[in-house]
Structures are given as C-alpha cells and as structure tokens.
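Have a look at the structure below before the remarks.
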Amino acid sequence: MTAKPGDRVKVITKDEIKEGILMPNEETDSIIIKLDNGYNIGIDNKKAKEIKVIEKYKAKETTSKKEIKKDNKKPTISILHTGGTIASKVDYESGGVVASFSDEDFVNMFPEVKKIANIKSILVSNMMSEDMRFFHYKKMSDSIVKAIKDKVDGIIIGHGTDTLALTAAALSFVFENLPIPVILVGSQRSTDRGSTDAGVNLICAAEFIIKTDFIGVGICMHENTSDNSCLILPATKTKKLHTSRRDAFKAVNDKAIARVNYETKKIEFLKKYEKKSKEKLIIRDKFEDKVAIIKSYPNMFPDLIDTLTQKGYKGVVLEGTGIGLMPTNIKENKMNLDAIKKFMDSGGIAVITSNCIFGRVHKDIYSGTRLLKNIGVISGQDMLTETAFIKLAWLLGNFKKEEAKELMTKNLKGEINERLLGDEFLD
Ligand code: GLU
C-alpha cells in the first residue's frame, strides 16, 4: 500500500523506526512526518528501507463544504497563500492533513475573519520561504495585480517567516502607487498548536486593512509574547530577530507603523504612513539573478569575491563589520581590497552594509572605510543587508547600471534614513 499524506506511517531505516503522520512534501529526496509530539522531522529518502502504512487517512466530512455567502455590506480581502506554517494544519481528530486553501477551509480555521470581511482565498504556492526564488516574487506580484483588478479592499499574504521580510521589501520596490494595503503575515507556531500566533496575526492584519486608509506593503506580527497586540511593521526596515519567539519581527532603524490592539480592535498609528495617491500604478517586477551577499569575517580570503567576478555577477552586498569595514587594512588583507576593486572594474556594483544590524555605515571615519569609498564601493547607509540585497537585485533588473548606482544611494521606499535620531533601537 503506497503511503499518502495524512496516513499514519512507520518509516523504517537501518538505525531507527519513526512513527507519525506523513506530511505533504514537494521534495522527492526526503520524507516528512509529524511525530505525536507535534514536531515535524525529515528523513532522507535513500535511508528509508520501508514506509509502512499503519492507518489510512480518513477524510472527515465537516461543515467546511458549506459554501460561504458573500456579504455585500462587508469589505473583501484576498488571502494569498504562499506556504509556511500559517495556513495548514494536521487535524488530530482524523489524523489527516487539512489543506486550508479554499475560502471555506480558511474561514473554518479562523472563523473570526468572517465577521470582519469576505474572504477570497488564493493559492500562489505552498512552500517553505527559505526556498523562495525571484520568480516567486513575480507570481505574487501577478496575483496582487489580479486582486486589484477584482477590486478587493486589501490583500493578506500568508508567508513562511524566514524570508517574509525580504518578500515584503521586494513587493514594496515592485509597486509604485499601490492603491490598496498588502499585509504580509506569518506565524512562528504552527496552527495545530494551542500556542499558535497565526489567528491573532491574521485578525489584526484584517482589522488594520478594513479600518485604516493605509496603502502599500506592511508586515503584521505579534508585538510581544502575549496575544494582546500586533504591530504593523515597515516593509523595507524589518528583520526576524529570533528563531522562535512570537515577537521575533522588529523594526530596525525605524518605528512600527501602527499597533493593532487584538482585544479592543483599536488601531493606533505610531508614525506617518503612505495614503492613497491618484497617480497611476507602476509595476517594475524584474530582479537580477546575479546578485549576492558576502559577509566579512576574520581571516577572510578573496576567493568568494573572485568567484563572483569570474561568474559575471552584477552586484554584491558586502556585509561589513561595525561602521562598514572589510578586512582590507593590513598587508595580508590587501588582496581583499584588490578583489573588490577587480569585481567593480569588471562591471559589478558593490554596496557595503553593517553586521551590527542597528545604526548606519559611515564613509569617512576610519582609513578602512575611506579605502572602500575610494575604490567606488557604495555606502548602504542605514539599510538592512537583506533590504540592500533585494534593492540591488531589483534596481539591476529594471534600470541601467548608472541609474541603478544612483538610485542605490536614494531613499525610494523608506529603506534609507537621511539621519538617525538614536532612539531607533530595541528597548
Ligand atoms: N522555514 C519555514 C519558512 O520560513 C518556517 C515555517 C514558517 O515560519 O512558517 O517558511
């Protein structure tokens, strides 16, 4: 009997036997099972000698088949699913996997959403966000354009948390004069756990969409470890700072845009925000593939940068140390400076950011920063490394090289502050 997702199985390898629910998995080289303690484990396909079906998945007839009627008095929100843990769960009663991508499944899973808006549930992809490629950004932006044409009032994108902030930055660069809000939502705890944050994040995003005149791209995640409130965070200035906490997402060198109180459903704006403009929607949805990030580290050799030069890379973000330094000062490290120069002489653009996360890089403080500036490395100012990477790939995808270089130094979507006040830090 071939095992199907949702079946209870025993996976037998040379060293062990693992029992659990077989999970849906797009990859063919691994088997993922959900253990009874709720955790997912991956087993190398080659190591599995046998997959024994203990119990077949029995689809449960639930009320989820009931069609949901549109309430014309309510606004409509499109939910674009891209995957991650936010909108799928294992139904422990039946032991099966519930793919919750239909309008009905989604509303049954988060019934509170129905009270706020009509829901149009759209499956864009079902993947882990670390697997995102630039063509997935294009799929998402196409779905956004379609939803705008369908005259929805706002869009929620369900996304894995690992690269959620990078997608937010990418979509923010793609669209100019977006006429509706697009809010990315993830969850740190899967929806099949009592402690899941998915519902609160989704409800807060929906409340924010229907109650405010905010337009553009934002992120909605827990403000702290309790379920009291969520923050709407800026698309180009947010980073996942913790592997598992519900309040992992923090604004960096910036403030949150708004707070949504989950209990009272009140919204409090914390800074100025983008409002609807009469200008035409502009879409620039190309991204250059040949862009990379290289981190600075002690005892660095120029090999990685040389590889980028040899492979014809067009851009690199150098994540330097402190105020934007690379190992270039002593004679043993001159080779690193030479490699960066060679990369740029062969046509590449190099941008420097900082591994400090908060603060900005400075061009003229140490001789090391001056060395980089003198060979033409662009200052990433107070941009996050990830945002600088997305911006550089986007600029090289849509503009000529000289224009891309110029725009890299300009604030386009809130990614650069002219100056920092000093209070933009974790309190
Ligand atoms: N690595 C997964 C992702 O980012 C984790 C699951 C999640 O955060 O939703 O997609």
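All heavy atoms count here, side chains included; hydrogens, waters and symmetry mates do not. Indexing begins at 1, ligand by ligand and atom by atom, following the structure's order.
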Problem set entry | Pair Lys314 + Asp289: basic N to acidic O under 4.0 Å |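 Salt bridge between Lys314 and Asp289, a charged N being under 4.0 Å from a carboxylate O: no.
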For this session: Please determine if Glu268 and Arg259 form a salt bridge, counting it only when a charged side-chain N lies under 4.0 Å from a carboxylate O.
Result: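 Between Arg259 and Glu268 there is a salt bridge, with a charged N closer than 4.0 Å to a carboxylate O.
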Return a yes/no value for [X]: is any of its N or O atoms, backbone included, closer than 3.5 angstrom to an N or O of ligand 1?
{"X": "His159", "result": "no"}
{"X": "Gln188", "result": "no"}
{"X": "Ser129", "result": "yes"}
{"X": "Asp162", "result": "yes"}

Exercise. Can the positive tip of Lys271 be found less than 6.0 Å from the middle of the six-membered ring of Tyr273, inside 45° of the ring normal?
Worked result: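 Lys271 over Tyr273 ring: no.
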For this session: Mind running side chain to side chain contact (heavy atoms under 4.5 Å, CB included) on Met326 and Ile352 for me, showing each step along the way?
Result: CA-CA 9 Å; Met326 296 293 286; Ile352 183 101; 3.8 Å; yes
Exercise. Do any N or O atoms from the side chain of Glu415 and from the backbone of Thr236 form a donor-acceptor pair under 3.5 angstrom?
Worked result: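 No; judged by distance alone, with no hydrogens or angles, the pair does not exist.
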Exercise. At what distance is the nearest protein heavy atom to atom 8 (O) of ligand 1, and which residue and atom is it?
Worked result: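 Nearest protein contact, heavy atoms only, for atom 8 (O) of ligand 1 is Thr161 OG1, 2.6 Å.
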Problem set entry | Numbered atoms and elements of ligand 1 in range of Glu130, under 4.0 angstrom, heavy atoms |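 Taking each heavy atom of Glu130 in turn, ligand 1 has 1 (N), 2 (C), 3 (C), 4 (O), 10 (O) under 4.0 Å.
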